[in-house]
Amino acid sequence: MRSVFVTQFGRADVIEVRDVPVPEPGAGQVLVRVHVAGLNYADIMQRKGLYPGGPQPPFPAGFEIAGTVEAVGPGDSVWKPGDEVMGFCLGGYSEYAATDANKLMPKPPALDFRRAAAIPCQYLTAYHTLFTLGGLSAGQTVLIQAAAGGLGTLLVQCAKNAGAAVIGTCSTAEKCELLASIGCDHPINYTGADFEDEVKRITGGAGCELVVESVGGKVFDKSIQCIKTRGRLITLGFASGKPRSVQAQLLLVKNITVSGFHLFGYVSDAEAAAHAMRDLQAWLDAGTLDVIVKHVYPLEAAAQAQRDIADRKTMGKVVLEIVS
Ligand SMILES: NC(=O)c1ccc[n+]([C@@H]2O[C@H](COP(=O)([O-])OP(=O)(O)OC[C@H]3O[C@@H](n4cnc5c(N)ncnc54)[C@H](OP(=O)(O)O)[C@@H]3O)[C@@H](O)[C@H]2O)c1
């Protein structure tokens, strides 16, 4: 089978498509025929060797998939061949992936494989950040950085579904248009306006109850200034490659909280996951949430897909389509 490997840490040209044997599912595992692999910014950080605790090269790229069950390993399984699933694995940019049965979820019938490929990582991250950790509720205001990205477009829609007011930042007018089309109340193109000034103007100087920050560097520093008294900033990543620290003095003066979020600390929380999937189904049924998929690449173009995300050329979810 074809599988995309990161051969060494570095730029996207270290990516190589290899011909490798189809994996055998072990006890408690499932072999999935991958229809669509989701790309995530974490794939780029892993390739660069910047992902904390990430794999050592050579390693198969990707961890988010949607597809059909091809076979199940020895022992009882909740899955059977032909089931449509989405979930996590090692080596998702591949024609087949063997993964633990409990890392898979049923694909909602309302979603095609392209859209389903955004649910395991980006939707669950958006949901748990805003609600499980962030406690966002109706009437509050949330600031979302990189709002037009894969995670960002889901954060915006989840927050709107909860009745919050949403301020979202992005780098182009086209991205602002996309944000407005999915309900973002205040899209800000940060290349033409200072987002900190804009947040102060929009909130009458008060700031936001919740700030979701994934860029790092100066964006993190300025985001701290956008938190309302007794509000919270959740740091999810550092796409700029520049993780930041925060002075304790700043926290106490405004009674603010800065929290870290990493999805893998939440995936085994069955109750939180059930809430997330219940709300997803309700929002899909109501037509108030969609996964925006604007960039679909073949497996062989994995390097180009990662380049385009890192160069900020993409909006919404980016996928590799392996079975069309
Ligand atoms: N902690 C977790 O569990 C978790 C889970 C999922 C994602 N994340 C994090 O959430 C962020 C978004 O992930 P994603 O996969 O949905 O990616 P994405 O948002 O689709 O792509 C990254 C976006 O970041 C913005 N950006 C700002 N500064 C950048 C820079 N210096 N270089 C590159 N991009 C920059 C760009 O948007 P503009 O052009 O509009 O600025 C770009 O489109 C990433 O930091 C990722 O690591 C964390």
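Both counts, for ligands and for their atoms, begin at 1 and track the order of listing.
- Ring planes of His128 and Tyr266: parallel class, angle under 30° (limits at 30 and 60°).
- Considering backbone and side-chain N/O of His262, none are found under 3.5 Å from N/O of ligand 1.
- When non-hydrogen atoms are compared, ligand 1 lies under 4.0 Å from the backbone of Leu263 as well as from its side chain.
- Near Cys170, with a cut-off below 4.0 Å to any heavy atom, the atoms of ligand 1 are 40 (O).
- Note that Arg18 lies in the cation-pi zone of Phe5, set by a 6.0 Å cut-off to the ring centre and a 45° limit from the axis.
- Not one N or O of Gly149 is nearer than 3.5 Å to an N or O of ligand 1, by distance alone.
- Residue Met45 does not touch ligand 1, judged by heavy-atom distances below 4.0 Å.
- The shortest N/O to N/O separation between Thr169 and ligand 1 does not fall below 3.5 Å.
- Between Gly316 and ligand 1, a contact under 3.5 Å exists for no N or O pair.
- Residue contacts with ligand 1 for Val215 involve side-chain atoms from C-beta outward but no N, CA, C or O (heavy atoms, distance under 4.0 Å).
- At least one cation-pi condition fails for Lys48 and Phe9: the charged atom is not both under 6.0 angstrom from the six-membered ring centre and inside a 45 degree cone around its axis.
- In the vicinity of Asn40, heavy-atom distances shorter than 4.0 Å reach the ligand 1 atoms 15 (O).
- The proximity of Tyr190 to ligand 1, defined as any non-hydrogen pair under 4.0 Å, is limited to the side chain.
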For this session: Under the salt bridge (Lys or Arg N to Asp or Glu O under 4.0 Å) rule, what do Asp185 and Lys160 come out as? Steps first, then yes or no, please.
Result: CA-CA 9 Å; Asp185 302 282; Lys160 286 310 298 174; 2.8 Å; yes

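- Looking at Leu233, Leu143, Ile144 one by one, the single match for side-chain contact (heavy atoms from CB on, under 4.5 Å) with Glu213 turns out to be Leu233.
- Listed by number with element, the atoms of ligand 1 under 4.0 angstrom from any heavy atom of Ser240 are 31 (N).
- Classified by interplanar angle (parallel below 30°, tilted 30° to 60°, perpendicular above 60°), the ring pair Phe88/Phe264 is perpendicular.
- Within ligand 1, counting atoms from 1 as listed, the ones closer than 4.0 Å to a heavy atom of Phe261 are 1 (N), 2 (C), 3 (O).
- Distances below 4.0 Å separate heavy atoms of Lys175 from the following atoms of ligand 1: 37 (O), 38 (P), 39 (O), 40 (O), 43 (O).
- Residue Leu151 has at least one heavy-atom neighbour below 4.0 Å for each of these atoms of ligand 1: 7 (C), 10 (O), 16 (O).
- Not a single N or O atom of Cys121, backbone or side chain, sits closer than 3.5 Å to an N or O atom of ligand 1.
- Counting heavy atoms under 4.0 Å from ligand 1, residue Ala148 does not touch it at all.
- With hydrogens and angles left out, the side-chain atoms of Gln157 and Tyr123 include no donor and acceptor closer than 3.5 Å.
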